[in-house]
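Working notes for the structure below.
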Amino acid sequence: MEPVTLTTDRLLLRAVGPQDTDAVYAACQDPDIQRWTTVPSPYLPEHARDFVEQMCPDGWANDSMFTFGLFLRSGEFAGMLGITMRSPGMGEIGYWGVKEHRGNGYMVEAAVAVSRWAFTKLSVDRVEWRAEVGNLASRTVAERAGFVVEGTLRSAVDNKGVLRDSWVGSLLPSDLGLSSTTPYLPAGK
């Protein structure tokens, strides 16, 4: 699939490219991003270059990972968000925000917009969110975006060679007032 651009009231969500390498590199120097995500640590310039020039374009090209850079309407870089396809009809959302732009609701706005796009354009029926237990910032974003936290998975995240417990949650099309591509029968119905 060719990369798409989405807009919200305050954001431009677009594919990143070589022109964004320095911004991604600078943002990933944040110890919180290195601690709570699976980006390499230390994060080197070649990591940023590989991410924007190879990993992101390849994901779009083979329909496996749809990664968006979050940009304010001023053009300032505010973070990254992506949907990785885990199985037919199910994608996993991941995100991180630039330190200076956290707490403004940008990631919530982006998560809803990209999930809505995944439901309507990718025929996704479940967007799953996972975060290492203790990552309260990620959990807050997910809950504010409408994700339902479903539980804790033991030993479910490998973060830099250490297995850690993970929270898991989901957003369904019906949570955003949309129809599923496949009928859904909740337990007990």
Side-chain angles (χ1 to χ4, degrees), residues 1-21 23-24 27 37-39 48 50-98 101 104-131 138-150 166-186:
M1 167 183 284
E2 287 296 315
V4 300
T5 299
L6 305 174
T7 57
T8 69
D9 288 342
R10 303 181 297 163
L11 300 171
L12 176 71
L13 309 170
R14 65 162 174 80
V16 291
Q19 72 277 14
D20 304 307
T21 302
V24 169
T37 74
T38 57
V39 302
D50 289 346
F51 179 71
V52 302
E53 294 180 16
Q54 184 174 359
M55 182 184 278
C56 292
D58 287 355
W60 280 98
N62 65 28
D63 296 337
S64 64
M65 185 174 68
F66 306 96
T67 306
F68 295 87
L70 281 61
F71 295 86
L72 305 182
R73 291 300 178 113
S74 66
E76 194 171 351
F77 179 61
M80 296 296 306
L81 184 144
I83 301 274
T84 302
M85 298 307 296
R86 295 295 184 205
S87 62
M90 199 280 277
E92 182 180 331
I93 195 168
Y95 45 79
W96 53 259
V98 173
H101 295 296
N104 295 308
Y106 297 135
M107 197 58 68
V108 172
E109 193 173 316
V112 171
V114 172
S115 295
R116 182 178 296 281
W117 172 79
F119 293 142
T120 59
K121 302 301 184 194
L122 299 178
S123 299
V124 165
D125 286 316
R126 175 182 169 92
V127 175
E128 197 165 276
W129 159 85
R130 294 176 183 226
S138 181
R139 183 173 177 149
T140 299
V141 167
E143 290 177 333
R144 288 185 178 160
F147 285 75
V148 174
V149 177
E150 298 169 329
S166 171
W167 288 317
V168 63
S170 69
L171 188 70
L172 305 179
S174 58
D175 297 328
L176 298 180
L178 301 170
S179 299
S180 295
T181 60
T182 305
Y184 169 50
L185 183 61

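The structure displayed is predicted, hence computed values, not measured ones. Side-chain atoms are counted along with the backbone in the values below, which use heavy atoms only and exclude waters and symmetry mates.
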Looking only at heavy atoms, the pair that brings L178 and R116 closest together is CD2-NH1, 3.6 Å
Going by the side-chain contact (heavy atoms from CB on, under 4.5 Å) test, name the single residue among T181, D125, V124 that passes it with F119. V124
Before giving the answer on side-chain contact (heavy atoms from CB on, under 4.5 Å), spell out for S115 and I93 the whole-Å C-alpha distance, their side-chain angles and the decisive distance to 0.1 Å. CA-CA 8 Å; S115 295; I93 195 168; 4.0 Å; yes
Return the orientation label for the W167 and W129 ring planes: parallel under 30°, perpendicular over 60°, tilted otherwise. parallel
Which pair of heavy atoms, one from A110 and one from L81, lies closest together, and at what distance? C-CD1, 4.0 Å
Begin with the C-alpha distance, continue with both residues' side-chain angles, and end with the deciding distance and a verdict on salt bridge (charged side-chain N to carboxylate O under 4.0 Å, His left out) for R10 and E109. CA-CA 8 Å; R10 303 181 297 163; E109 193 173 316; 2.7 Å; yes
So how far is it from M85 CE to M65 CE, rounded to the nearest 0.5 Å? 13.0 Å
Only counting residues at least two apart or in another chain, list the ones meeting ring pair (Phe, Tyr, Trp, His ring centres under 6.0 Å) with Y106. none
Give me the atom names and distance for the closest heavy-atom approach of F77 to V24. CZ-CG2, 4.0 Å
Is M1 atom CE crowded by more than 12 heavy atoms from other residues, nucleotides or ligands, each under 6.0 Å away? yes
For a quick check under 3.5 Å, do S166 and R130 share a side-chain donor-acceptor pair by atom type? no
Has R144 got more than 12 heavy atoms of other residues, nucleotides or ligands less than 6.0 Å from its CZ? no
Mind checking whether V127 and E92 have side chains closer than 4.5 Å, heavy atoms only? no
Under a 3.5 Å distance rule, please check whether D58 uses its side chain to pair with a backbone N or O of M55 as donor and acceptor. no
Closest non-hydrogen atoms of C56 and V16, given as atom of the first, atom of the second and distance, are SG-CG2, 3.8 Å
W96 side chain to G79 main-chain N or O, any donor-acceptor pair under 3.5 Å? no
Given F68, which of V4, I83, L12 fulfils the side-chain contact (heavy atoms from CB on, under 4.5 Å) condition? V4
List in chain and number order the residues that pass ring pair (Phe, Tyr, Trp, His ring centres under 6.0 Å) with F51, two or more places apart in sequence or in another chain; answer none if no residue qualifies. none
A27 to V98 - nearest heavy-atom pair and separation: CB-CG2, 3.9 Å
Nearest-0.5 Å distance that lies between atom OG1 in T5 and atom CG in L13: 8.5 Å
Donor-acceptor under 3.5 Å (Y95 side chain, S138 main chain): yes
